[in-house]
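Data block below; observations after.
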Amino acid sequence: MTARGGRAADGDSERRGGAAQNKSVAPFWPRRSPHFLRVRTALRDALNRQGITGENTSAAVILAVSGGPDSLALAAAAAAEKLPAHVVSVDHQLQAGSREVSDNAIAQVRRWGLSGEVVAVDLGVAAGAATTSEPEYSEPNHSATGNLEAAARHARYRALCEVAGQRPILVAHTGDDQAETLLLGLLRGKAAAMAENSDYQGHTIVRPLLNIRRADTVGACRELGVDAWDDPHNSQDAFRRVAIRQHVLPLLDEIVGGDATAPLQQAANLLRDDDTYLQTLAHTALTESVAAENSHREREHHREQHRDQRQHRDQHQQPRHQKPPRLTIATLGPAPVARRAIAAFLHQHGARVNASVLAAIMALIDDWHGQGAVSVGNGLELARQAGTLVLLHSEIDGAT
């Protein structure tokens, strides 16, 4: 992904400072605006949990705005809460008039006293590899469209990260997005939920609106008199997320005789809490496994040194080959923890992580009958050797 052209003329110093908000702007919201109040409250609560305050200008944030009701409502809430925020609208250049949509969005947030810019991205350049930690928007039913959607998503995040530096990035996913994400993950064979705070390639992504509904962001824009952009992709049910939104959730509403999104949102929140806890355990298991292997290697090194000394070998004439990274199986713990520890281990070494890869690796532990190594991409494979999982270069090292 490359960002090119099209940056609004706010000035480089303003972007670096991150807070060009006009504190003297009069309130722009009506006295009675219950939907907007819910958005403001959700933002305020999330910022408190994340330790970001409007009074501390060093904690300025980047706020992503598409021009749709969710992100515009979030930007308006940031302005109302006097949050030092710099707004970025990413123009993917996928639709005619996309630049005008971004320009209009930035013009709107400026009227609220926020600084902003448009960043155009070129999807002809690789947008980066997908990560399992960002279950945001679904791939459509057709793979070609899905590849484009994934490229646009990662191009958008990478553009935001380039502007953000070390500042957190606020995005406007709602509870409805959370429920849809849960259903999409289940259809891929893995329950997935978005976290309020997550990492994207070393950058912090914050989702303050996960606990409120899309009806509140749409209602907030109506209360503010904002004409939000309606993405035409939202009417194309070739996209799985759109199909779920237009067909599956209304059917579930009919089946349960009410709102099916709310319990799905609740289930996603519980899943997210469970996953956060399991990830903590997995980090501990991975650390212990690596430490156990390092300790084993240190003992082996001392034994070899002692043997070399007895046999009067010159170690400078016989350099040792670096041993491949490995995990001690006995320290990985139960399957839910082991899967996450192995996924983190593979990520660290640039290997591929997906459901089928993890299932094959878990079979090396739970259903071991001498099967061969598992290919994990980038010329790597994971093999079982003497109670360990060893990461080998498939074209160089043999797996036994």
Side-chain angles (χ1 to χ4, degrees), residues 129-135 190-193 195-205 270-307 320-394 396-400:
T131 63
T132 56
S133 61
E134 288 297 327
K190 182 183 183 299
E196 181 177 270
N197 182 320
S198 63
D199 176 87
Y200 179 83
Q201 299 182 0
H203 297 265
T204 299
I205 308 295
L270 293 173
L271 173 66
R272 182 187 61 208
D273 292 342
D274 291 348
D275 187 63
T276 298
Y277 176 65
L278 289 171
Q279 291 287 5
T280 302
L281 296 180
H283 176 75
T284 301
L286 178 58
T287 301
E288 291 178 351
S289 182
V290 171
E293 181 56 30
N294 288 340
S295 177
H296 173 73
R297 289 187 180 187
E298 187 68 21
R299 290 194 300 270
E300 286 289 314
H301 177 68
H302 287 313
R303 280 197 292 266
E304 290 178 6
Q305 277 189 324
H306 183 61
R307 184 172 61 250
R320 303 184 191 280
H321 294 290
Q322 185 176 3
K323 294 185 177 180
R326 63 184 66 206
L327 295 173
T328 301
I329 292 174
T331 63
L332 292 178
V337 176
R339 277 194 297 270
R340 289 165 171 81
I342 292 168
F345 173 74
L346 294 176
H347 273 304
Q348 288 176 4
H349 295 283
R352 181 177 66 244
V353 181
N354 58 39
S356 60
V357 166
L358 287 176
I361 292 172
M362 290 304 297
L364 296 178
I365 299 174
D366 300 331
D367 187 25
W368 172 244
H369 49 271
Q371 61 265 45
V374 177
S375 174
V376 293
N378 289 334
L380 298 170
E381 58 187 12
L382 200 66
R384 176 166 176 157
Q385 295 181 357
T388 65
L389 296 176
V390 188
L391 190 63
L392 303 169
H393 291 282
S394 57
I396 300 174
D397 300 293
T400 60

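Note that OG of S289 and CG of L389 are 8.0 Å apart. Values are rounded to the nearest 0.5 Å. Note: R384 CZ to I361 CD1 = 13.0 Å, rounded to the nearest 0.5 Å.
Between the side chain of Q371 and the backbone N or O of A363, at least one donor-acceptor pair lies under 3.5 Å. Formation of a donor-acceptor pair under 3.5 Å by the T388 side chain with backbone atoms of Q385 is found in this model. In this structure, N354 contributes its side chain and S356 its backbone to a donor-acceptor pair below 3.5 Å. Counting only distance, with no hydrogens or angles, the side chain of T287 and the backbone of H283 share a donor-acceptor pair below 3.5 Å. Listed for the D199 side chain is no donor-acceptor partner under 3.5 Å among the backbone atoms of T204.
Annotation for A338 and M362: closest pair CB-CE, 4.2 Å, computed over non-hydrogen atoms. Nearest heavy-atom pair across G372 and L364 is O-CD2, 3.8 Å.
Side-chain contact between Q348 and L286: present, with at least one pair of heavy atoms (C-beta onward) separated by less than 4.5 Å. Annotation: side chain of L391 is not in contact with side chain of P324 (no heavy-atom distance under 4.5 Å). Here the side chains of F345 and P325 are in contact, with some heavy-atom distance below 4.5 Å. I365 has its side chain within reach of I342: a pair of non-hydrogen atoms, C-beta onward, lies under 4.5 Å apart. Within the 4.5 Å cutoff, the side chain of L380 has no heavy atoms near those of the L392 side chain.
A salt bridge (charged side-chain N to carboxylate O under 4.0 Å, His left out) check over residues 344-367, counting only residues at least two apart or in different chains, returns nothing.
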Side-chain donor/acceptor pairs under 3.5 Å, residues 270-280, sequence neighbours excluded:
unit_1	atom_1	unit_2	atom_2	d
R272	NH1	N269	OD1	3.3
D275	OD1	R340	NE	2.9
D275	OD1	R340	NH2	2.8
T276	OG1	R272	O	2.9
T280	OG1	T276	O	3.1

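Taking a 6.0 Å sphere around NE2 of H349, one finds it holds more than 12 heavy atoms contributed by other residues, nucleotides or ligands.
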| said: Assess the residue pair L382 and V390 against the criterion (side chain to side chain contact (heavy atoms under 4.5 Å, CB included)); give the C-alpha distance rounded to whole Å, side-chain angles, the decisive distance to 0.1 Å, and a yes or no. | reply: CA-CA 5 Å; L382 200 66; V390 188; 5.8 Å; no
| field | Verdict with reasoning, V374 to E381, per side chain to side chain contact (heavy atoms under 4.5 Å, CB included) | value | CA-CA 5 Å; V374 177; E381 58 187 12; over 6 Å; no
